[in-house]
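Predicted, not measured: the structure shown is a model, and the values here were computed from it. Numbers for residues simply follow the sequence, beginning at 1.
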Amino acid sequence: MRNRVNKWLIAGLFISLIMIIIGYFLWAIDVPVDVLAGLTAEEVNQMQQELALNYSAGFFLLNLGFVIFTGTLMALVIRKLLDIFTDR
């Protein structure tokens, strides 16, 4: 039972990493840095929203991926610590 749960948690880690990567590519823009050098943060944000492939979906996937990654990583660490301390 424990091995099956660990496998699901590890699968969740990989799925969340894939979500983070896809979300980043949907959210980010491919504009050279020197073009953005003279702009304020608000102008850069507005430009990013206009030029990104799908800004809102990318932002959602990026943040959801971070939340799932953090949760599954914490669950794996807690399970490992419980295994260490209960074996003694």
Side-chain angles (χ1 to χ4, degrees):
M1 177 70 178
R2 291 188 72 78
N3 286 337
R4 192 168 15 155
V5 173
N6 285 344
K7 287 180 185 178
W8 279 104
L9 289 173
I10 291 171
L13 283 176
F14 286 118
I15 290 170
S16 66
L17 284 175
I18 291 169
M19 288 173 63
I20 290 170
I21 292 169
I22 291 172
Y24 178 76
F25 284 116
L26 289 176
W27 173 77
I29 56 174
D30 294 330
V31 176
V33 176
D34 53 342
V35 172
L36 302 175
L39 301 176
T40 64
E42 185 176 313
E43 291 171 335
V44 170
N45 190 17
Q46 183 66 26
M47 186 179 196
Q48 183 177 10
Q49 288 179 3
E50 292 173 1
L51 296 177
L53 291 174
N54 193 342
Y55 182 83
S56 58
F59 186 75
F60 175 74
L61 280 175
L62 193 62
N63 289 323
L64 184 64
F66 281 131
V67 169
I68 292 173
F69 182 81
T70 304
T72 54
L73 186 63
M74 284 177 43
L76 278 170
V77 168
I78 289 170
R79 289 176 63 84
K80 185 64 176 174
L81 289 174
L82 287 174
D83 283 346
I84 291 171
F85 290 128
T86 55
D87 285 342
R88 291 183 181 186

[atom1]-[atom2] distance between [X] and [Y], expressed to the nearest 0.5 angstrom:
{"X": "L13", "Y": "I18", "atom1": "CG", "atom2": "CD1", "value": "11.0 Å"}
{"X": "L76", "Y": "L81", "atom1": "CG", "atom2": "CG", "value": "11.0 Å"}
{"X": "L61", "Y": "I68", "atom1": "CG", "atom2": "CD1", "value": "9.5 Å"}
{"X": "I15", "Y": "I20", "atom1": "CD1", "atom2": "CD1", "value": "12.5 Å"}
{"X": "W27", "Y": "Q49", "atom1": "CH2", "atom2": "CD", "value": "10.5 Å"}

Is it possible for you to say whether [X] and [Y] belong to one hydrophobic cluster, with membership spreading through side-chain heavy-atom contacts below 4.5 Å?
{"X": "L9", "Y": "L73", "result": "yes"}
{"X": "L17", "Y": "I10", "result": "yes"}
{"X": "V5", "Y": "F69", "result": "yes"}
{"X": "F60", "Y": "Y55", "result": "no"}
{"X": "L39", "Y": "L51", "result": "yes"}

- Message: Is it true that, when you exclude F59 itself, more than 12 heavy atoms of the residues, nucleotides or ligands shown sit nearer than 6.0 Å to its CZ?
- Response: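 Atom CZ in F59 is not crowded, with 12 or fewer foreign heavy atoms closer than 6.0 Å.
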Say whether, by atom type as modelled, one donor and one acceptor occur between the side chain of N45 and the main chain of A41 under 3.5 angstrom.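 Side chain of N45 to backbone of A41: no pair is present.
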Is there a donor in the side chain of E50 and an acceptor in the side chain of Q46, or the other way round, less than 3.5 Å apart?
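Yes, a side-chain donor-acceptor pair sits under 3.5 Å.
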